[in-house]
K.L.:
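I am attaching a structure below and will ask some questions about it afterwards.
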There are 2 protein chains.
Amino acid sequence: MLTESTLIDAGGSAAGAGALLSILRDGRPRTRAELAQLTGWARSTLSLRLDALMHQRLVAPTDDAIHSGGRPATTFAFNQSARVVLAADLGVTHARLAVTDLATNPLAERSAEMPIDRGPVPVLTWLVETFHELLAECGRGLADVCGIGVGLPGPVEHGTGTPVNPPIMPGWNRFAVPEWLSARLGAPVLVDNDVNIMALGEYWAVRSQVQHLIFVKVGTGVGCGIISEGRLHRGAQGAAGDIGHIRVPSFEEVVCRCGNTGCLEAVAGGGALAARLREAGEDASASRDVVELVRAGNVRAVQAIRQAGREIGTVLAWVVNFFNPSFIVVGGDIAEAGEHLLAGVREVIYSTSLPLATQHLNILTSDLGDRAGVTGAAVMVIEHVLAPEVVDQAVTALSAEG
Amino acid sequence: MLTESTLIDAGGSAAGAGALLSILRDGRPRTRAELAQLTGWARSTLSLRLDALMHQRLVAPTDDAIHSGGRPATTFAFNQSARVVLAADLGVTHARLAVTDLATNPLAERSAEMPIDRGPVPVLTWLVETFHELLAECGRGLADVCGIGVGLPGPVEHGTGTPVNPPIMPGWNRFAVPEWLSARLGAPVLVDNDVNIMALGEYWAVRSQVQHLIFVKVGTGVGCGIISEGRLHRGAQGAAGDIGHIRVPSFEEVVCRCGNTGCLEAVAGGGALAARLREAGEDASASRDVVELVRAGNVRAVQAIRQAGREIGTVLAWVVNFFNPSFIVVGGDIAEAGEHLLAGVREVIYSTSLPLATQHLNILTSDLGDRAGVTGAAVMVIEHVLAPEVVDQAVTALSAEG
DNA sequence: CTAGTTTTGCTTGACCGTCGACATAAGACG
DNA sequence: CGTCTTATGTCGACGGTCAAGCAAAACTAG
């Protein structure tokens, strides 16, 4: 069997351009002299590499030059607009699509009702159409697209990009999302669980200060995404972060939709809160109604959410001891209904977890809000496409053809 | 300020030798032709790199050649005996030292009573002396030592290798262990928490099958080490894995040595078990006595251990949902007292955790037993010293001087 | 407007790593 | 013992990288 392997770098002509780009990716403009010192290359070599990146339009000279008495030095910076990313966050009932630049800034965005249970072909067909519209909106074409990132509301085998036995996505099991999409959009496709993607998005927002982060989504259900040393921890079956079905104390009688009893989700999830408020005579059928009630100042709803925060905090207190993150970001419908949930979470964590672990721990609501998903989908693509090896390969391929 | 930075590879003469070694590190002998194909290098280049590694004695030709009609091809394999590693597992009362080869095989080993509370200088002085004796025992000298790995029973800041506010190591706080040891033994020193090191050791034993592993140590206290994607997760303050002070349900009244109540350790730790058995009239003052009782067939002790397994299993069931490991290895004094603890752990995890997460989960006792610590200490050193960049640097340094 | 200063682009020659080809070594087979 | 086959060492060629130097460019200061 022929493996055609090149386990180690090919030593191609412009190899190293990727390393240069990864220095410039922080966005700071730099002069040639600075870059030569940082890379350790000769000025001539550096110019070669820089030219290669400029031909790819991944780097561009900035307007402001540095004046130091003589000829001003032109500075070069990462060109965020070189390519665009198509990012999709598909929820159970709702979808958000965006075209972003290479720094996750949105160029065009759309949010719409789109039930996932319509099945893969209708949903993805709509997705392709909408991406075309959004591209037109911001004056870009398919040629500018460097990759497509998709978040799905269920377990996804990230290696192949296919959903596996998703409980709430009828028809999607083992559907080859990447193949289907890349055949129609002509770019690499990456797929992952929606909570993982939101964790990536939140990590991106604080990446300069933080290595270990937990993102907790409290919507109809409860789940979390785990970032260890800046990388997503997916677990052996890609099932990591499923804290919604952890059994919490003193609620052994509550039945969960998963069939077990006492699950966190059945106690503190949006669906459970709605049901409890309904029993108390309030008008609430879904997680979103609970948020409405809280916004309207309904005392019972506020109390319920705060108590839910305490229950979730109990589980997160364990997580803090076990995982020792420096950030916990809480997002999802229920978290966005104000600080009530967070208050409950903080109350329990700071009183229960180890002082060493809580000392420098930040517990916050998401700054990105419902944009965390699309941001994370874009991050997933950007991290892949702008990885040094991939850039080197692209640069050499282009310089080879002329 | 001069940074003298070379962020990107120096392009030194024999760079790439490290990559070659990392291929050979699986121990399988290979011919030049195979290696050339695997690396993608020309045969001549490959021979150059191979020579460099052979000069370092890191690779050696094997005796058996492959006969294929013409001139037989000599095969080359990683030479595990090229260097030795000094590994130390310092417990609270007990210490185990070993000299190992580059595949963690013990060449000489010693286990002794050595209370950690004698303070850093007496303990480390004894350690240096004993290492000299062990080296003499297996006919090696300090020149053969490529690194020293140490495990300590408390929180360690791995970057600097110093203990920080250890609760049970008087005098060790902020003691610069690496500097002290490397000044006397002339080799790089790596220090980490003992549980982390044991996790590394257990991971090493199953690394071909497993990416995500949890090692649980049940001794006087309870703690765990976390391996994510083959790398140790230490957490933001290096405090990850502290499951001993997670509060478990229905034991809110039990007081823990940490001052809180209801901690797992206060319910299921070896110290707690001894106390409970003592109350019941048995003769047990420490965790080791509990093991004795179990070995002697004492029913109360067996029941106590099995119940402790259930309590620990409760916490591990949460961990399984959150982290989704593929292996859980249980070690420490209490775990080695037979299958009783494991039975309790399995009972709870398989009945409580999500089916998806438990489907391919293995829950085992340690094969390495009380050797997990020294093995892990050796692994820590080997992974560092045999990392491609480090090997490249060593090879170029040697070829430069002649 | 001119002289001074610093960056930038271009060229050259030298060096070193890598490659491919050729010659030689080592064992198998008849 | 000679021939065949395959492995291995050696050597020249190629190409990428570097350092140095020079000329042009671009701005400041007077």
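Chain letters run A, B, ... following the sequence lines, proteins first and then strands; every chain starts at 1.
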K.L.:
Please produce a list of atom pairs where a protein N or O lies less than 3.5 Å from an N or O of nucleotides 25-29 of chain C.
P.N.:
| residue | atom | partner | partner atom | Å |
| --- | --- | --- | --- | --- |
| C/dA25 | N3 | B/Arg71 | NH1 | 2.9 |
| C/dA28 | O4' | B/Gly69 | O | 3.0 |

K.L.:
Atom CZ of B/Phe76 to atom C1' of D/dA7: distance rounded to whole Å?
P.N.:
10 Å
K.L.:
Taking only residues two or more places apart in sequence or in another chain, which ones pass side-chain contact (heavy atoms from CB on, under 4.5 Å) with A/Glu157?
P.N.:
A/Thr160, A/Thr162, A/Val164, A/Arg174
K.L.:
In whole Å, what is the span from the CG atom of A/Leu46 to the P atom of D/dA19?
P.N.:
12 Å
K.L.:
Heavy atoms only, 4.0 Å cut-off, all strands: where does B/Thr31 land among base, sugar-phosphate and nothing?
P.N.:
nothing
K.L.:
For B/Trp41 and C/dC19, what is the distance between atoms CH2 and P respectively, to the nearest whole Å?
P.N.:
9 Å
K.L.:
From CZ of A/Arg32 over to C1' of D/dA19, roughly how many Å is that when rounded to an integer?
P.N.:
17 Å
K.L.:
Quick one: is B/Ser44 getting a side-chain N or O under 4.0 Å of the D/dT10 phosphate, OP1 or OP2?
P.N.:
no
K.L.:
May I ask you to check if B/Arg184 and B/Trp180 form a cation-pi contact, with NZ or CZ under 6.0 angstrom from the six-membered ring centre and within 45° of the axis?
P.N.:
yes
K.L.:
Step by step, work out the side-chain contact (heavy atoms from CB on, under 4.5 Å) result for B/Thr100 and B/Leu107.
P.N.:
CA-CA 5 Å; B/Thr100 79; B/Leu107 305 175; 5.6 Å; no
K.L.:
Whole Å only: how far is the CG atom of B/Leu35 from the P atom of D/dT8?
P.N.:
10 Å
K.L.:
From the list C/dG9, D/dT8, C/dG17, which nucleotide is the closest neighbour of the side chain of A/Ser47?
P.N.:
C/dG9
K.L.:
Side chain of B/Thr45: nearest nucleotide among C/dC19, D/dG9, D/dT8?
P.N.:
C/dC19
K.L.:
If you check the A/Arg49 side chain, which of C/dT7, D/dA7, D/dT17 turns out closest?
P.N.:
D/dT17
K.L.:
Taking all non-hydrogen atoms of both residues into account, name the closest pair between A/Thr375 and A/Leu368 and its distance.
P.N.:
OG1-CD2, 4.1 Å
K.L.:
Mind checking the NE2-CD1 spacing from B/His233 to B/Ile227? Nearest 0.5 Å is all I need.
P.N.:
11.0 Å
K.L.:
Distance check needed: D/dA7 C1' versus B/Arg43 CZ, whole Å only.
P.N.:
9 Å
K.L.:
Find the distance A/Leu48:CG to C/dT8:C1' and express it as a whole number of Å.
P.N.:
14 Å
K.L.:
Could you state the CZ-P distance from B/Arg30 to D/dA7, rounded to the nearest angstrom?
P.N.:
17 Å
K.L.:
What residue among A/Leu134, A/Val374, A/Leu135 forms side chain to side chain contact (heavy atoms under 4.5 Å, CB included) with A/Leu86?
P.N.:
A/Leu135
K.L.:
Rounded to the nearest 0.5 Å, what separation is found between the CZ atom of B/Arg32 and the OG1 atom of B/Thr74?
P.N.:
5.0 Å
